[in-house]
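To start, the structure under review is shown below, and the notes come after it.
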Amino acid sequence: LEPVVYKIIVEAAGFKRALIDNIKVDTSTVTTANIKLELGEIQNTVTISSNDVVLNTDSGTVGQTITERNITDIPLGDQSVLNLMLTLPNVTGDLLGETPAIGTGIISPGQGLSVGGGRPGGTSFLADGVNNTSSASGRTIASFSPATVQEFNVQTSNFSAEYGQTTGGIVNVTTKSGTNKFRGQISYFRKDPNLSAAPFTIAAVNRPVSNNKQEDYAFTIGGPIYLPAFGEGGPKLYNGKDRSFF
């Protein structure tokens, strides 16, 4: 299931109609919704309020989800969503991003992060549940711009044995999917040397100046898939509403 908010409606003959609203499913997390049907006419509806669970009694996994709101509202210096991992407890280190002159200058996104006390390079990265970890360097194979990420989940300890093969944490990124409405986004990011601080140095002479210039353009669009009819007597228009998205 996509990590969004759901509404569950249950109907059965001889029972009141039950509705649970505002059920949020998170990446790499099992969400349970218990429904008890009451005897009565189907015209009657029982609305069950869903409250956030403070303690997860179904799993001992320690972790946290970075939501789309976090990705949108928190500034990202080099446009890497993995930067937000450093806002979580039990995560330390240097991102080693893909932008030269950021951090140590090594272009190995995610490799320098230590999760759950594990060594840098020991974290497993997944994209939509698929392995996205370089076996050679422990970095991410593919990176995603903030505009394409729905959310991502970081598990720091006690995660399921299905993940295995890691001495650090598990980072699972969920990319955006289309909805029943067409939506898009255009963005422009610029980092200007004239507005950047000079690199740190203790030298008294020949002090370096910032030459870090970066420009990023992004454009995304998503929605239902519609296919037109092909000639007389050919396939009819395919309507992807509630079924197929891009």
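Following chains of ILVMFWY side-chain contacts shorter than 4.5 Å, one cannot reach Val130 starting from Ile141, and the two form parts of different hydrophobic clusters. Tracing side-chain contacts under 4.5 Å through hydrophobic residues (I, L, V, M, F, W, Y), one reaches Ile23 starting from Ile35; they form part of the same cluster. Cluster annotation: Phe189 is not connected to Phe219 through the hydrophobic network of ILVMFWY side chains, with a link wherever side-chain heavy atoms come within less than 4.5 Å. Ile74 and Val91 fall within a single hydrophobic cluster, where Ile, Leu, Val, Met, Phe, Trp and Tyr are joined by side-chain heavy atoms under 4.5 Å apart, directly or via other members.
Inspection of the Glu68 and Asn70 side chains reveals no N or O donor paired with an N or O acceptor under 3.5 Å. No side-chain donor from either of Thr27 and Asn172 sits under 3.5 Å from a side-chain acceptor of the other. Residues Asp242 and Asn180 bring a donor and an acceptor atom of their side chains to less than 3.5 Å of each other. Checking Tyr6 against Thr31 by side-chain atom types alone, no donor-acceptor pair falls below 3.5 Å.
Of all non-hydrogen atoms in Tyr226 and Pro224, the two that sit nearest each other are CE1-CG, 3.4 Å. When all heavy atoms are compared, the tightest approach of Ala127 to Asn132 is N-CB, 4.0 Å. Closest approach of Val115 and Met85 over heavy atoms only: CG2-CE, 3.8 Å. Here the shortest heavy-atom pairing between Pro109 and Ser143 reads CG-OG, 4.1 Å. Gly93 and Leu113 get closest at one heavy-atom pair: C-CD2, 4.3 Å. Residues Ser177 and Phe245 share a closest heavy-atom pair of OG-CB, 4.1 Å.
Counting heavy atoms of neighbouring residues, nucleotides and ligands inside a 6.0 Å radius, atom CZ of Arg190 exceeds 12 of them.
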Worksheet entry | Step-by-step side-chain contact (heavy atoms from CB on, under 4.5 Å) determination, Val149 to Thr174 | CA-CA 6 Å; Val149 176; Thr174 299; over 6 Å; no
Checking side-chain contact (heavy atoms from CB on, under 4.5 Å) for the pair Phe159/Thr166: CA distance, chi angles, key distance, verdict?
CA-CA 11 Å; Phe159 37 81; Thr166 179; 3.8 Å; yes
Report the C-alpha distance between Glu215 and Tyr188 in whole Å, list the side-chain angles of each, state the deciding distance to 0.1 Å, and finish with yes or no for side-chain contact (heavy atoms from CB on, under 4.5 Å).
-> CA-CA 7 Å; Glu215 290 184 294; Tyr188 169 66; 2.7 Å; yes
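Judged by distance alone, with hydrogens and angles left aside, the side-chain atoms of Thr201 form a donor-acceptor pair with the main-chain N or O of Ala203 at under 3.5 Å. With hydrogens and angles disregarded, a donor-acceptor distance shorter than 3.5 Å links the side chain of Thr156 to the backbone of Val62. In terms of modelled atom types and a separation under 3.5 Å, the side chain of Thr72 and the main chain of Arg69 share no donor-acceptor contact. Between the side chain of Ser196 and the main chain of Asp192, a donor-acceptor pair closer than 3.5 Å is present.
Contact of the Val10 side chain with the Phe15 side chain is not registered, since no non-hydrogen atoms from C-beta on lie closer than 4.5 Å. No side-chain heavy atom of Val173 sits under 4.5 Å from any side-chain heavy atom of Leu126. Looking only at side-chain heavy atoms (C-beta outward), Arg139 and Phe125 stay at 4.5 Å or farther from each other. At a threshold of 4.5 Å between non-hydrogen side-chain atoms, the residues Ser145 and Gln79 do not count as touching. Val171 places a side-chain heavy atom less than 4.5 Å from the side chain of Phe152. Inter-residue side-chain proximity for Gln155 and Ser28 is flagged as met; some heavy-atom pair is nearer than 4.5 Å. Side-chain contact check for Gln150 versus Thr175: every heavy-atom pair is 4.5 Å or farther apart.
A salt bridge does not link Lys176 with Glu151: none of the charged nitrogens is closer than 4.0 Å to a carboxylate oxygen.
The OG1 atom of Thr87 lies 4.0 Å from the CD1 atom of Ile66; values are rounded to the nearest 0.5 Å.
With Lys7 as the partner, the side-chain contact (heavy atoms from CB on, under 4.5 Å) test is satisfied by one option alone out of Asn22, Asp21, Ile20: Asp21.
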